[in-house]
Number of protein chains: 2
Amino acid sequence: METELDQRVHAELMDARNDRECAISRTLQVLDGKWTTLIVRELLAGPLRFTELRAGIGPVSAKTLTDRLRALEHQGIITRTIYPEVPPRVVYELTEQGLSLRNVLHAMLRWGRTNPA
Amino acid sequence: METELDQRVHAELMDARNDRECAISRTLQVLDGKWTTLIVRELLAGPLRFTELRAGIGPVSAKTLTDRLRALEHQGIITRTIYPEVPPRVVYELTEQGLSLRNVLHAMLRWGRTNPA
DNA sequence: CGGTATCCAGCCTGATACTG
DNA sequence: CAGTATCAGGCTGGATACCG
């Protein structure tokens, strides 16, 4: 009963090989970098501040985290909102497009669970 | 009607944040490197030789391709079979574990299709 | 708090030459 | 054909210092 679905999935993946610029490559471009995917994972929980984000994803430098956040922002995956308070507060949040990456992350999660190191 | 599924997916992803070694990180480890995901994509079509693989994924050097193939082999994602002919023939093929990455690649494919550059 | 600026090390990757 | 060996470079990411 899973066969039909599997066949369709397989056919789609085979088509992908013929794309000049494979759609998979497009996704890889967005999730590029050592920390990007984990940033998205954190933000799936809801909007987060810079420091909260940093605490959640592991030992990343401020420079790198900033770089990745800027890249995601420019690609329309996240928004950056500044609240001009004292001390300043900056909140990052997934856009609709960013939220839709949930399916990719979920597939990764399931694979990792099923195939422990 | 999609809400229940979405809620379950979301709950799973939230759990993932609490994993000491997040299962997502595990997947990222396997699909590490600039070319690895594309190698898997190619092999989803079936067993391939070194040169065929190289032609399919783009401008990758022999050294890098060898490195990535060895890494995938050591992780149990692919097998490497040598046919001692003249000229020699070496065939790479996904293991069961490797095949199961199809779901991850498919999620990436769909996201890339839905969100063009 | 949430960055920026600068410098730098390491690693991934590639180019080239060569081999069983 | 399917690599290996070697060398070299670019880019990512980290350390440190400092700012609004």
Side-chain angles (χ1 to χ4, degrees), chain A residues 21-22 24-43 45-75 77-94, chain B residues 22 24-25 27-43 45-75 77-94:
Chain A
E21 261 313 304
C22 175
I24 291 177
S25 301
R26 158 77 178 139
T27 306
L28 292 175
Q29 239 169 48
V30 171
L31 295 182
D32 184 48
K34 189 171 168 182
W35 303 101
T36 306
T37 305
L38 298 181
I39 292 172
V40 174
R41 183 197 67 188
E42 287 303 303
L43 290 179
L48 288 174
R49 302 174 64 174
F50 187 85
T51 307
E52 295 169 331
L53 209 37
R54 195 173 177 188
I57 68 179
V60 60
S61 67
K63 173 184 171 295
T64 299
L65 183 53
T66 302
D67 288 350
R68 294 295 106 208
L69 289 172
R70 292 291 182 279
L72 287 172
E73 191 187 357
H74 290 144
Q75 292 176 111
I77 305 299
I78 65 174
T79 58
R80 178 173 182 266
T81 309
I82 307 171
Y83 297 90
E85 308 167 355
V86 179
R89 190 160 61 93
V90 178
V91 173
Y92 296 91
E93 184 169 10
L94 290 173
Chain B
C22 174
I24 291 178
S25 301
T27 306
L28 291 175
Q29 241 170 47
V30 170
L31 294 182
D32 183 49
K34 189 171 167 182
W35 303 101
T36 307
T37 305
L38 298 180
I39 292 172
V40 174
R41 184 197 66 188
E42 286 303 303
L43 291 178
L48 288 174
R49 303 174 63 174
F50 187 85
T51 307
E52 295 169 331
L53 208 38
R54 195 174 176 188
I57 69 179
V60 60
S61 68
K63 174 180 172 299
T64 299
L65 182 53
T66 302
D67 289 350
R68 294 296 105 209
L69 288 171
R70 292 291 182 279
L72 288 172
E73 191 186 355
H74 291 143
Q75 289 172 311
I77 305 299
I78 65 174
T79 58
R80 178 171 181 268
T81 311
I82 307 171
Y83 297 91
E85 309 168 353
V86 179
R89 191 159 61 93
V90 179
V91 172
Y92 296 91
E93 186 170 8
L94 290 173

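The sequence lines fix the lettering, A, B, ..., with proteins before strands; numbering per chain opens at 1. Please read all numbers here as calculations on a predicted model, not as lab measurements.
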Kindly indicate whether the side chain of [X], heavy atoms from C-beta on, has any atom under 4.5 Å from the side chain of [Y].
| X | Y | answer |
| --- | --- | --- |
| I77(B) | L94(B) | yes |
| R80(A) | L69(A) | no |
| L43(A) | L72(A) | no |

Exercise for the section: Look at all strands and tell whether Y83(B) reaches a base, only sugar-phosphate, or nothing, counting heavy atoms closer than 4.0 Å. Expected result: nothing
Practice task
Determine the contact category for R80(B): base if any of its heavy atoms lies under 4.0 Å from a base atom, sugar-phosphate if only primed atoms, P, OP1 or OP2 are that close, otherwise nothing.
Solution key: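 Sugar-phosphate, no base atom in range.
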Residue pair [X] / [Y]: nearest heavy atoms and the distance that separates them:
| X | Y | answer |
| --- | --- | --- |
| I82(A) | P84(A) | O-CD, 3.5 Å |
| R41(A) | G56(A) | NH2-O, 3.4 Å |
| V60(A) | R54(A) | O-NE, 2.9 Å |

Problem - Proximal nucleotide (of dG20(C), dT13(C), dC1(C)) relative to the P87(A) side chain - result: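 Of the candidates, dC1(C) comes closest.
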Problem - Approximate separation, where rounding is to 0.5 Å, of C22(A) SG and I57(B) CD1 - result: 12.0 Å
Practice task
To the nearest 0.5 angstrom, please state how far the NZ atom of K63(A) sits from the CZ atom of R68(A).
Solution key: 9.0 Å
Problem - Contacting residues from residues 65-75 of chain B, given that a heavy atom lies under 4.0 angstrom of DNA chain D - result: T66(B), R70(B)
Practice task
Would you mind telling me which residue lines up with the more 5' stretch of DNA chain D, E52(B) or P88(A), judged by nearest nucleotide?
Solution key: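 Residue closer to the 5' terminus by nearest nucleotide: E52(B).
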Roughly, in whole Å, what's the span from [atom1] in [X] to [atom2] in [N]?
| X | N | atom1 | atom2 | result |
| --- | --- | --- | --- | --- |
| E85(B) | dG20(C) | CD | C1' | 15 Å |
| K34(A) | dG10(C) | NZ | P | 13 Å |
| I78(A) | dG2(C) | CD1 | P | 14 Å |
| L53(A) | dC1(C) | CG | C1' | 14 Å |
| W35(B) | dC12(C) | CH2 | P | 16 Å |

Practice task
With a 4.0 angstrom cut-off to heavy atoms of chain B, pull out the first and last contacting nucleotide of DNA chain D, in 5'-to-3' order.
Solution key: dC1(D) to dT6(D)
Problem - Qualifying residues under side chain to side chain contact (heavy atoms under 4.5 Å, CB included), relative to R49(A), sequence neighbours excluded - result: E52(A), R89(A), V91(A)
Shorter than 3.5 Å, N or O on both sides, protein versus nucleotides 15-18 of chain C: list them out with atom names.
none

Practice task
Starting from the first five and the last five pairs of the helix from dC1(C)-dG20(D) to dG20(C)-dC1(D), work out the angle between the resulting helix axes, to 10 degrees.
Solution key: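 The two end axes of the helix from dC1(C)-dG20(D) to dG20(C)-dC1(D) meet at 60°.
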Please tabulate, one pair per line, all N/O donor-acceptor pairs under 3.5 Å involving side-chain atoms of residues 28-40 of chain A, not counting sequence neighbours.
from, atom 1, to, atom 2, distance (Å)
T36(A), OG1, D32(A), O, 2.4

Handout entry: Phosphate OP1/OP2 of dC1(C) contacted by Y92(A) side-chain N/O (<4.0 Å)
Key = no
